[in-house]
Amino acid sequence: RFLLRSPLRCIRITRALALRSAITNVEDASEVFFSGQLPEAEVRDYMQRFQRDSGSVLDLTDFNRNLPSKRMDASGLADWLHRAPPMLVVGGDRDALVDEKGLEEVANFLGVEAQTLSGLAHDIMLIPQWKTAAELVLGWLQSTYLTRKAA
């Protein structure tokens with residue numbers, strides 16, 4: 001989907017993740033994870049953290065074999081929803097990794113409505129506007145669990 005819609009964005013994401021340029025190229029790290037919303041000095045600080053974490057490797061064969069989407073019922077919902085806790089799906093409309101269509105697909109799979117936050121990047125918790133997401137999550141927790149407790 002990304003390749004057809006935005007070939008250059010797809011190349012940047014692939015370079016940043018698969019080729020690990022996010023640990024050496026400040027522009028790639030800034031655009032992919034923070035949508036250009038952080039000052040360069042902060043991006044460089046996070047890049048050092050990325051480098052420490054870059055030894056972790058995702059086994060894509062195992063990942064693809066165990067995709068949650070392979071566990072769905074006839075209606076397209078996760079077949080384990082009946083035993084799952086309440087869920088919230090949140091994303092930012094400036095997320096370079098998970099686009100709004102991907103966010104909607106996850107929400108549909110989980111049987112909930114996606115919450116899209118305007119102007120927020122992939123690493124929501126690391127950008128200056130993190131309180132917007134935190135307030136949404138707090139409100140959801142309060143309404144979900146206070147409502148359940150009262151019922």
Side-chain angles (χ1 to χ4, degrees), residues 1-73 75-81 83-141 144:
R1 175 175 58 227
F2 273 27
L3 185 57
L4 296 176
R5 191 185 70 231
S6 180
L8 293 177
R9 185 173 171 188
C10 187
I11 290 168
R12 173 166 274 160
I13 290 168
T14 301
R15 186 175 63 205
L17 299 176
L19 301 178
R20 299 182 179 182
S21 71
I23 62 175
T24 59
N25 182 305
V26 71
E27 187 177 311
D28 284 352
S30 180
E31 288 302 316
V32 170
F33 295 108
F34 310 110
S35 297
Q37 294 176 297
L38 286 183
E40 184 175 323
E42 287 183 50
V43 173
R44 288 187 183 282
D45 180 50
Y46 285 117
M47 287 171 65
Q48 289 178 352
R49 296 176 194 195
F50 296 161
Q51 191 165 22
R52 286 193 300 265
D53 294 340
S54 69
S56 301
V57 177
L58 179 63
D59 180 345
L60 292 177
T61 302
D62 183 60
F63 179 77
N64 287 329
R65 187 174 35 249
N66 294 295
L67 281 172
S69 59
K70 292 185 177 184
R71 305 264 330 263
M72 71 174 83
D73 63 21
S75 67
L77 293 171
D79 65 4
W80 41 262
L81 280 179
R83 62 180 187 273
M87 288 179 265
L88 174 66
V89 175
V90 180
D93 68 355
R94 292 190 61 194
D95 189 327
L97 296 175
V98 181
D99 63 7
E100 290 190 56
K101 184 167 175 50
L103 191 67
E104 288 295 329
E105 287 173 351
V106 170
N108 291 338
F109 179 67
L110 298 175
V112 299
E113 188 175 322
Q115 303 294 314
T116 303
L117 298 172
S118 179
L120 298 186
H122 183 74
D123 281 332
I124 292 172
M125 68 286 189
L126 303 178
I127 61 174
Q129 302 89 337
W130 66 268
K131 286 184 181 178
T132 302
E135 288 168 357
L136 181 130
V137 171
L138 180 60
W140 178 83
L141 286 169
T144 300

(request) State, with a plain yes or no, whether a side-chain heavy atom of Asp95 is found less than 4.5 Å away from one of Leu120. (result)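 No - every pair of side-chain heavy atoms lies 4.5 Å or more apart.
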
(message) Does any part of the side chain of Met87, heavy atoms only, come nearer than 4.5 Å to the side chain of Leu81, both counted from C-beta?
(response)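 Leu81 reaches Met87 side chain to side chain.
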
(message) Quick check: closest heavy atoms across Val26 and Val43, and the distance to 0.1 Å?
(response)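 Nearest heavy atoms, Val26 then Val43: CG2-CG1, 3.6 Å.
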
(request) Provide the closest heavy-atom pair for Ala107 versus Ala114 in the form atom of the first, atom of the second, distance. (result)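 Heavy atoms of Ala107 and Ala114 come nearest at CB-N, 3.5 Å.
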
(request) Starting from the C-alpha separation in whole Å, work towards a yes-or-no answer on side chain to side chain contact (heavy atoms under 4.5 Å, CB included) for Val112 and Leu88. (result) CA-CA 7 Å; Val112 299; Leu88 174 66; over 6 Å; no

If I take atom [atom1] from residue [X] and atom [atom2] from residue [Y], how far apart are they, to the nearest 0.5 angstrom?
X: Asn25; Y: Met47; atom1: CG; atom2: CE; result: 6.5 Å
X: Arg94; Y: Asp99; atom1: CZ; atom2: CG; result: 15.0 Å
X: His122; Y: Ile13; atom1: NE2; atom2: CD1; result: 9.5 Å
X: Met72; Y: Phe109; atom1: CE; atom2: CZ; result: 5.5 Å

(request) Fit a plane to each ring of Phe34 and Phe50, take the angle between them on a 0 to 90° scale, and name the class: parallel (under 30°), tilted (30 to 60°) or perpendicular (over 60°). (result) parallel

(message) According to side chain to side chain donor-acceptor pair (under 3.5 Å), who are the partners of Asp93, at least two apart in sequence or on a separate chain?
(response) none

(request) Taking side chain to side chain donor-acceptor pair (under 3.5 Å) as the test, write out the residues that go with Ser118, two or more places apart. (result) none

(message) Once side chain to side chain donor-acceptor pair (under 3.5 Å) is applied, what residue pairs with a partner in residues 34-44 remain, sequence neighbours excluded?
(response) Glu40-Arg44

(message) Can a donor-acceptor pair be found, under 3.5 Å and without considering hydrogens, that links the side chain of Thr144 to the backbone of Trp140?
(response)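 Yes, the answer is positive, given that a donor and an acceptor are paired below the 3.5 Å cut-off.
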
(request) Could you pull out all residues at least two apart from Arg12 that satisfy salt bridge (Lys or Arg N to Asp or Glu O under 4.0 Å)? (result)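 Residues passing salt bridge (Lys or Arg N to Asp or Glu O under 4.0 Å) with Arg12: Glu27, Asp28.
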
(request) Output all residues satisfying salt bridge (Lys or Arg N to Asp or Glu O under 4.0 Å) with Asp45, sequence neighbours left out; order by chain, then residue number. (result) Arg49

Show me the side-chain donor-acceptor pairs of residues 123-137 shorter than 3.5 Å, one per line, residues at least two apart or across chains.
residue	atom	partner	partner atom	Å
Thr132	OG1	Gln129	O	3.4

